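Have a look at the structure below, then the notes.
Below, each value reflects all heavy atoms present in this structure, side chains not excepted, and no hydrogens, waters or symmetry copies. For clarity, every value in this text was computed on a predicted model and none was experimentally measured. Along the sequence shown, residues are numbered consecutively beginning with 1.
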Amino acid sequence: MQTIKVSDFTAIPGARFIKDGDGSAEEFFNVHVKDHLEAAIKENTQIQIDFDDTWGYASSFINELASRIYKLTTMDFEDISKVISLKSDDEPGLIDRFEEEYGKALRGE
């Protein structure tokens with residue numbers, strides 16, 4: 001399983017879009033997640049997104065990351081869970097927040 005650590009990208013995940021500043025979800029997705037996710041889907045393997053070792057998360061970062069993953073895959077939550085494993089020992093509630101945001105994207109909210 002390929003592990004993608006947010007902390008390797010930034011210690012301070014923040015903005016939604018690149019134009020809004022450093023540490024954006026848009027950049028993280030485009031540079032660190034997208035190609036690995038596409039390969040995992042094609043190869044029927046799994047990637048892990050590790051949210052640990054950062055200074056916390058802006059809600060816009062989580063919302064945008066979940067939304068971009070949904071837009072790329074259009075998978076329901078059960079299917080995307082077979083492709084992406086989420087890790088957050090530092091802040092376990094973060095996984096619930098991601099799942100909630102993914103559900104909103106799935107429902108078109």
>> As a quick check of understanding, evaluate salt bridge (charged side-chain N to carboxylate O under 4.0 Å, His left out) for R97 and E101, giving each step before the final call.
In response: CA-CA 6 Å; R97 285 176 46 204; E101 295 300 330; over 6 Å; no
> Can F51 and I49 be said to form a side-chain contact (heavy atoms from CB on, under 4.5 Å), step by step?
Replying inline: CA-CA 6 Å; F51 290 106; I49 299 176; 3.8 Å; yes
> Taking the side chain as C-beta and beyond, is there a heavy-atom pair between I4 and I47 under 4.5 Å?
Replying inline: yes
>> Holding to salt bridge (charged side-chain N to carboxylate O under 4.0 Å, His left out), I want the full list of residues that pass it with R68, two or more places apart in sequence or in another chain.
In response: E26, E64
> Is there a path from I18 to V33 through hydrophobic residues (I, L, V, M, F, W, Y) whose side chains come within less than 4.5 Å of each other?
Replying inline: no
> Are any non-hydrogen side-chain atoms of M1 and T45 less than 4.5 angstrom apart?
Replying inline: no
>> Let me confirm one number: the OG-CG distance from S67 to L72, rounded to the nearest 0.5 Å.
In response: 11.0 Å
>> Distance check, rounded to the nearest 0.5 Å: Q2 atom CD versus L37 atom CG?
In response: 11.5 Å
> So which pairs with a foot in residues 28-45 pass salt bridge (charged side-chain N to carboxylate O under 4.0 Å, His left out), sequence neighbours left out?
Replying inline: none
>> Holding to side chain to side chain donor-acceptor pair (under 3.5 Å), I want the full list of residues that pass it with T73, two or more places apart in sequence or in another chain.
In response: Y102
>> If you compare all heavy atoms of A15 against all heavy atoms of S60, which two are closest, and at what distance to 0.1 Å?
In response: C-OG, 4.1 Å
> In the hydrophobic clustering that connects Ile, Leu, Val, Met, Phe, Trp and Tyr at side-chain heavy-atom distances below 4.5 Å, which members other than W55 occupy its cluster, ordered by chain and number?
Replying inline: I12
>> For E109, give me all partners under salt bridge (charged side-chain N to carboxylate O under 4.0 Å, His left out), at least two apart in sequence or on another chain.
In response: R107
> Can you name the nearest heavy-atom pair linking V6 to P13, along with the distance?
Replying inline: CG1-CG, 3.9 Å
> If you round to the nearest 0.5 Å, how far is CD of E99 from CG of L106?
Replying inline: 12.5 Å
Can you give the donor-acceptor pairs under 3.5 Å from side chains of residues 74-90 to other protein atoms, not counting sequence neighbours?
residue	atom	partner	partner atom	Å
D76	OD1	E78	N	3.2
D76	OD1	D79	N	2.8
S81	OG	F77	O	2.8
K87	NZ	D52	OD2	2.7
K87	NZ	D89	OD2	3.1
S88	OG	E91	N	3.4
S88	OG	E91	O	2.6
D90	OD2	D53	N	2.7

>> Let me confirm one number: the CZ-CZ distance from F61 to F98, rounded to the nearest 0.5 Å.
In response: 10.0 Å
> If you round to the nearest 0.5 Å, how far is NZ of K71 from CZ of F29?
Replying inline: 10.0 Å
>> I'd like to know whether E27 forms a side-chain contact (heavy atoms from CB on, under 4.5 Å) with F9, so could you lay out the CA-CA distance, the side-chain angles of the two residues, the decisive distance to 0.1 Å, and finally the verdict.
In response: CA-CA 9 Å; E27 183 179 6; F9 167 65; 3.7 Å; yes
> Could you give the distance from CD (Q46) to CD1 (I41), rounded to the nearest 0.5 Å?
Replying inline: 12.0 Å
